[in-house]
Amino acid sequence: KETYWKDFHVKLFPFAHCYPDNYFDGVFQRYLTLGITKDKWEYVISELVRVTKPGGFVECVEASNTERLGPKGQILFGGFFQAMVHRVSNLSGKFQRAGLQVITETPVSYPIGWGGNVGKLNLINFKMIFESMKPFLMKAFNMSSGEFDQLNHDAVEEYPVFESYWNNISVVGKKL
């Protein structure tokens, strides 16, 4: 089995245009759904490919959906995914159009509030994510600050009871 990330340069990747062509052995990007508009994804992926050496790998990980949410969690995540109207779809197709050979497309599920340390960490992450989205979600839900805080608190209590989890997609491509 081929190892994707063998002997590659680790660099911060804030701006692809700052790097010359064929610079990195591998590029990893994740969770930029809220930061990249739908019309910019093809360009972003083309830049990831441009700075990757031939034979190198590009990996993108993005959120896709949630499952087994309680009623309060459904409300919160509904607003979250509404905010992600520009979220990326068909990463594999975008990789192929950018000239990458798709090696894997793997769904990955993570527990929220159960399932050990990963679940505990996700519980904290989503509580904080929703707190950071509070102004947007209060407006979307037509709620007061106190109502929103109660909703977030109740959702946090629900996740472990319903054994909620969120799904991600990881796509790895090889530059030929």
Side-chain angles (χ1 to χ4, degrees), residues 4-5 8-19 23-52 56-69 73-98 100 102-137 140 152 155-156 159-160 163-175:
Y4 301 133
W5 302 112
F8 72 101
H9 302 289
V10 177
K11 300 274 185 181
L12 294 177
F13 199 82
F15 305 103
H17 67 273
C18 296
Y19 298 99
Y23 187 77
F24 295 102
D25 296 307
V27 177
F28 176 78
Q29 176 261 293
R30 70 176 180 157
Y31 305 135
L32 288 179
T33 298
L34 292 175
I36 302 172
T37 58
K38 193 172 186 175
D39 63 317
K40 297 292 186 204
W41 273 98
E42 301 276 345
Y43 169 74
V44 168
I45 292 172
S46 74
E47 281 295 287
L48 298 177
V49 172
R50 181 186 66 76
V51 299
T52 302
F57 296 92
V58 175
E59 180 176 6
C60 290
V61 177
E62 291 297 333
S64 61
N65 67 339
T66 52
E67 295 189 38
R68 297 199 320 227
L69 294 170
Q74 288 178 21
I75 293 169
L76 276 175
F77 274 95
F80 178 69
F81 286 118
Q82 179 184 347
M84 292 172 51
V85 294
H86 298 298
R87 73 181 161 183
V88 67
S89 60
N90 190 16
L91 269 174
S92 290
K94 289 176 175 43
F95 271 39
Q96 290 170 342
R97 284 189 295 283
L100 292 170
V102 175
I103 304 295
T104 63
E105 181 174 333
T106 309
V108 182
S109 297
Y110 299 104
I112 308 171
W114 62 281
N117 289 335
V118 170
K120 289 176 189 176
L121 181 61
N122 279 320
L123 182 72
I124 294 166
N125 284 344
F126 280 111
K127 182 177 188 273
M128 293 173 66
I129 286 168
F130 291 130
E131 286 175 6
S132 73
M133 294 178 71
K134 182 176 177 176
F136 170 83
L137 292 173
N152 198 15
V156 165
Y159 301 134
E163 293 188 341
S164 304
Y165 57 95
W166 69 300
N167 299 314
N168 294 262
I169 188 77
S170 168
V171 179
V172 177
K174 182 176 184 177
K175 183 173 179 179

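For clarity, every value in this text was computed on a predicted model and none was experimentally measured. Counting from 1, the numbers follow the sequence of the chain as shown.
Atom-to-atom distance recorded for S92:OG and L100:CG is 10.0 Å, nearest 0.5 angstrom. Interatomic distance, CZ of R68 versus CD1 of I112, reported as 10.5 Å (0.5 Å rounding). The distance from the CG atom of N65 to the CD1 atom of I169 is 10.0 Å, given to the nearest 0.5 Å. Note that CG of N125 is 5.5 Å distant from CD1 of I129, once rounded to the nearest 0.5 Å. Separating the CD atom in E105 from the OG atom in S170 is a distance of 9.0 Å, to the nearest 0.5 Å. To the nearest 0.5 Å, the span separating CZ on R50 from OH on Y43 amounts to 7.0 Å.
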Practice task
Starting from the C-alpha separation in whole Å, work towards a yes-or-no answer on side-chain hydrogen bond (donor to acceptor under 3.5 Å, both in side chains) for Y165 and N122.
Solution key: CA-CA 9 Å; Y165 57 95; N122 279 320; over 6 Å; no

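The six-membered or imidazole ring of F130 lies near that of F77, with a centre-to-centre distance under 6.0 Å.
Counting all heavy atoms, side chain and backbone alike, V156 lies closest to P160 at O-CD, 3.3 Å. The minimum heavy-atom distance between E62 and Y31, with the atom names listed, is OE2-N, 3.2 Å.
When side chains are defined from C-beta on, V172 does not count as touching T106, because their heavy atoms never get closer than 4.5 Å. Residues L69 and Y159 have side chains in contact (heavy-atom distance under 4.5 Å, counting atoms from C-beta outward). Between L137 and L76 there is a side-chain heavy-atom pair separated by less than 4.5 Å. Between F28 and V61 the shortest side-chain heavy-atom distance falls below 4.5 Å. Considering only heavy atoms from C-beta on, N152 comes within 4.5 Å of K127 through its side chain. Between N167 and S64 there is a side-chain heavy-atom pair separated by less than 4.5 Å. Looking at heavy atoms from C-beta onward, R97 lies in side-chain contact with N90 at the 4.5 angstrom threshold.
Ion pair E131/K134 not flagged as a salt bridge, since none of the NZ, NE, NH1 or NH2 atoms sits closer than 4.0 Å to an Asp/Glu carboxylate oxygen.
Ring geometry, Y110 versus W166: the interplanar angle falls from 30° to 60°, so the pair is classed tilted.
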